[in-house]
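Here's the structure, in structure tokens; my notes come after.
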Amino acid sequence: MTTSSAQPERYNPKSTEAKWRKIWNDRQSFKADDDSSKPGYYVLEMFPYPSGKLHMGHVRNYTIGDVITRYKKARGFAVLHPMGWDAFGLPAENAALDNNAHPKTWTYDNIAAMKKQFELLGLSFDWSREVATCDVAYYHQQQKIFLDFMRHDIAYQKEAEVNWDPVDNCVLANEEVIDGRGWRSGALVEKRKLTQWFFRITKYAESLIDGLKTLNEWPEKVVTMQENWIGKSQGVRFKFNLLDMVPGYGEKNIEVFTTRPDTIFGASFVAIAAGHPLATALAKTDPALAAFIAECQKGGTAAADIETAEKLGYNTRLKVPHPFDKKIELTVWVANFVLMGYGTGAIFGCPAHDQRDLDFANKYTLPVRPVVIPDGEIAEAFRVTKLAYTAPGRLFNSDFLNGLEVDAAKKVAIKKFEEKEIGTAETQYRLRDWGVSRQRYWGCPIPIIYCPDCGTVPVAEKNLPVLLPEDVTFDKPGNPLDHHPTWKYVSCPNCGTNATRETDTMGTFVDSSWYFMRFCDPHNKDKPFDKKKAEKWLPVDQYIGGIEHAVLHLLYARFFTRAMKECGYIDLEEPFKRLFTQGMLTHQTFKDANGKWLYPEEVEKRDGKWVKIDDGTAVDAGDVIKMSKSKKNTIEPTSSIDAYGADATRLFVMSDSPADKDLEWSTAGIDGAWRFVNKLYRMISESLDGGLPNLTEKPSSFSDNATALRKITHRSIQVFTDSLEKFQFNSALARLREFTNEITAFKASTMDEKWALREALESVVRIINPFMPHLSEELWETMGHQAILADSDWPVIDVELARRDAVTIGVQVNGKVRATITLPVGCDIKIAEETALAHKDVQAWIDGKAIKKVIVVPDRIVNVVVA
RNA sequence: GGCCCCGUGGCGGAAUUGGUAGACGCUCACGACUUAAAAUCGUGUGUCCUUCGGACGUGCCGGUUCAACCCCGGCCGGGGCUACCA
């Protein structure tokens with residue numbers, strides 16, 4: 001006995017979703033065609049690291065891409081939507097240590113597991129283009145690119161002070177150091193002097209800044225972050241002459257860099273970094289200075305350290321003359337706040353107009369000479385004591401600069417420096433060259449051989465790839481490649497002498513810097529990719545990923561594209577035309593009485609209080625924060641898909657919040673999405689039960705009632721489409737719900753009404769397709785269609801019907817809405833005014849008072865101003 | 001410290017970019033169906049005033065305007081990036 005006759009039929013996502021995934025797969029619905037005559041559109045989401053487990057953040061990221069792909073395809077584009085794996089990297093080695101699995105096995109197993117989870121979501125990937133960066137086919141081509149970079153002087157080797165992560169046992173790029181700590185390990189980074197491979201990203205600093213101006217479809221935030229990271233500043237590099245030679249210091253001067261050459265007459269001291277060669281030279285005969293330098297090098301770089309760090313200096317008692325006035329002598333100090341890594345490692349101090357210099361001058365009672373005065377102040381009375389004056393103003397006490405505004409004074413000062421050949425105008429960047437060597441096994445080998453006679457010898461192209469050996473051991477610390485018994489030992493390709501291979505591998509950000517190019521020609525064995533094929537698709541039309549890559553990956557990829565251009569691979573500078581950064585997924589956190597984190601499924605709400613399900617003890621419900629394994633506030637995508645289906649899960653992550661903002665996962669939210677999926681299913685089945693005419697049997701005329709629904713239908717498609725184009729998915733879906741509410745309220749009895757109802761229902765099914773592809777395909781089939789939606793076009797909007805012909809607007813009296821009136825769209829101002837004034841509520845509020853004026857904004861508002 | 005973003009009901013968020021603030025959803029309450037529950041459907045849900053109706057209301061204070069969530073000035077709060085960058 002079943003109660004099904006009384007029960008509304010429920011949608012079964014499990015069987016339906018599997019059915020449609022198979023159909024898309026069999027039909028190769030999302031295979032990108034290189035030779036298509038349609039315009040190309042390249043949709044790309046940042047490819048994942050194969051951790052083995054899909055998380056909700058992935059679901060959101062890839063659903064956004066999927067919605068765009070399906071939509072653009074329906075709009076007549078040939079869409080490229082590939083997927084691959086950022087598969088090299090340290091976690092594989094750590095897993096090898098923990099589970100005794102080989103990094104390769106671990107990685108490929110993870111890829112297989114994750115691919116299965118991906119498939120459950122029904123994403124429109126062209127899997128025929130799948131690549132993993134750890135595939136030999138991929139890193140082989142990367143080695144080729146590396147050699148090309150060498151030939152073009154983009155890749156080079158140097159000894160440099162680098163960031164050493166003591167936990168991961170490897171070097172990090174500047175971009176990978178966050179707040180003085182390794183980005184992955186969180187360990188305090190140490191400085192080490194090592195010989196490493198670098199990419200000359202600084203060569204493109206200007207181009208990378210300039211290019212930002214063309215990226216007007218990128219979030220402004222990301223553009224600013226890159227701008228700040230590159231850190232361009234313009235100024236002057238000039239020299240202070242030393243009166244005597246200092247033993248052990250090769251120069252007879254100290255070179256400084258400044259962005260404020262206008263304040264040169266306010267100079268009261270010169271300060272050099274603790275690591276400056278002059279400081280080192282002086283320290284040899286001055287133990288007190290040596291001790292001071294050692295003290296300086298201890299200081300931390302964390303935010304708190306800098307905030308509280310006291311300005312400290314050591315007076316070397318050396319004197320240098322002022323470049324424009326020999327009578328003034330400045331003392332040379334070694335100071336802890338001067339950085340060796342920026343500019344020349346030396347500055348002139350102008351306390352009146354730089355806060356750090358002022359703090360320093362106050363501490364050591366050095367002179368403070370103001371030379372810039374704000375408008376309206378009197379020179380004689382103007383004092384700088386605790387706060388440096390850094391705003392615009394006029395120069396005084398400054399010889400040839402007197403009376404000039406700051407900006408003009410800078411120009412004049414620079415000219416003078418150059419005329420007198422003391423200094424030159426210079427642009428400094430904060431950006432440093434990109435260190436790519438990593439002392440790790442699981443990465444792309446750097447194709448270099450070191451010969452005792454010939455030096456650094458690149459591996460010949462015909463001898464590529466340099467294969468990563470698989471028989472490695474992780475039983476001792478350090479790089480397994482380095483202790484491999486044979487791999488490292490080779491004979492020199494030039495002279496045959498016993499030589500060794502480079503055992504460092506490339507950092508994984510190199511791998512991800514060109515994968516979007518490889519996708520255009522993923523199986524090419526001879527070269528990274530065919531130029532023509534790449535140029536068919538590139539630049540990526542829509543790139544989607546997390547904001548956390550604002551400077552890392554996105555900057556590297558922009559650099560790489562320029563470098564690839566220089567090597568002749570492609571005629572392109574900017575790889576990503578449009579960028580969208582999605583927000584994070586968040587969830588409430590829970591702790592038990594002992595302060596231990598609890599998973600959401602371990603707790604429940606009873607009588608408005610959170611308790612532990614198994615023993616009912618009180619639970620501390622904490623902040624809503626980014627889902628993370630350590631805080632246990634995660635939701636498994638697979639469990640949500642299992643319970644509600646892929647479509648409901650997709651719908652929820654797309655509907656509850658704007659896609660670029662954080663989204664809080666909630667049970668109520670996913671329940672709501674699931675209800676809506678069922679509502680759609682029921683709405684269609686029940687309407688079909690009543691019998692609806694086919695759309696080919698269009699009635700010759702429509703009643704007002706039927707026309708009203710048709711107008712709603714076409715207007716809804718239009719608003720929905722507009723929102724979709726603007727990435728306002730939550731608004732699009734809100735409009736969709738309104739639309740379905742209106743359909744549900746519609747009663748169809750005559751043939752023309754039934755036709756209009758069918759038109760409305762078919763429209764709903766077609767526009768939900770990008771969001772709920774399985775459900776919509778199923779409903780489309782139920783409605784009697786042979787063609788599948790994945791191959792169908794977007795509904796055509798009847799502009800005539802979509803246009804509003806009447807509009808309800810507010811009528812204000814003295815700026816407060818007192819009534820509403822409905823007028824034809826584009827109605828004459830006079831008529832609008834008359835209608836408004838005729839309204840009884842409006843009359844009541846005017847109450848016989850004199851009308852001063854009436855403002856009519858067509859289709860918007862009428863405002864009656866009375867005395 | 002510097003640069004930038006954001007503050008709208010109990011909650012997530014809309015608002016055609018200066019023109020009816022709170023769409024849509026969630027929550028909650030009540031009602032219908034049911035022996036009952038679930039599911040479903042209906043009604044209500046910014047605050048205050050006893051109601052018809054009205055007053056107030058987009059972090060706070062002020063300004064511009066016929067009209068301000070939106071523009072300007074100043075505060076307060078939250079967040080991001082960056083950092084002794086000369």
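Below, chain A is the first sequence line, B the second, and so on; all start at residue 1.
- Comparing the same atom, C1', in B/C4 and in B/A86 gives a spacing of 23 Å after rounding to whole Å.
- Across all strands, A/R818 comes closer than 4.0 Å only to sugar-phosphate atoms, never to a base (heavy-atom distances).
- Taking a pair as Watson-Crick or G-U wobble with both distances under 3.5 Å, RNA chain B forms stems of 3 or more consecutive pairs at B:1-7 with B:76-82, B:10-12 with B:24-26, B:28-32 with B:40-44, B:46-49 with B:53-56, B:59-63 with B:71-75.
- Counting only heavy atoms from C-beta on, A/W845 has its side chain closest to B/G54 among B/G54, B/U82, B/C85.
- Atom CD1 of A/I861 and atom C1' of B/A68 are 12 Å apart (whole Å).
- A distance of about 36 Å separates the C1' atoms of B/C61 and B/U51, rounded to the whole Å.
- Backbone-only contact: A/T258 has heavy atoms under 4.0 Å from sugar-phosphate atoms and none from a base.
- To the nearest angstrom, P of B/G79 lies 12 Å from CE of A/M584.
- We find that A/K386 and A/D359 are not joined by a salt bridge, their nearest charged nitrogen and carboxylate oxygen being 4.0 Å or further apart.
- Nearer to the 5' terminus of RNA chain B, by closest-nucleotide assignment, is the contact made by A/V817 (compared with the other of A/V817 and A/T744).
- Evaluation of atom-type donor-acceptor distances gives a pair under 3.5 Å for the side chain of A/K311 against the base of B/C84.
- Base engagement by A/V857 is indicated by at least one non-hydrogen atom pair under 4.0 Å involving a base atom.
- Taking atom CG of residue A/N678 and atom C1' of nucleotide B/A39, one finds them 10 Å apart after rounding to whole Å.
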Grab the N/O contacts between the protein and nucleotides 23-27 of chain B below 3.5 Å, and write none if there aren't any.
residue : atom : partner : partner atom : Å
B/A23   : O2'  : A/E738  : OE1          : 3.4
B/A23   : O2'  : A/E738  : OE2          : 3.3
B/G25   : OP1  : A/N741  : ND2          : 3.2
B/C26   : OP1  : A/R675  : NH2          : 3.2

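- Between the C1' atoms of B/G9 and B/G44, the separation comes to 15 Å (whole Å).
- Using atom P as the reference point in both B/C6 and B/U16, the two lie 15 Å apart (nearest Å).
- Side-chain rings of A/H322 and A/F265 approach one another, their centers coming within less than 6.0 Å.
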Residue pair A/D722, A/Q718: steps toward the side-chain hydrogen bond (donor to acceptor under 3.5 Å, both in side chains) verdict: CA-CA 6 Å; A/D722 291 348; A/Q718 185 167 65; 5.3 Å; no
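- A/N814 has its side chain within reach of A/V865: a pair of non-hydrogen atoms, C-beta onward, lies under 4.5 Å apart.
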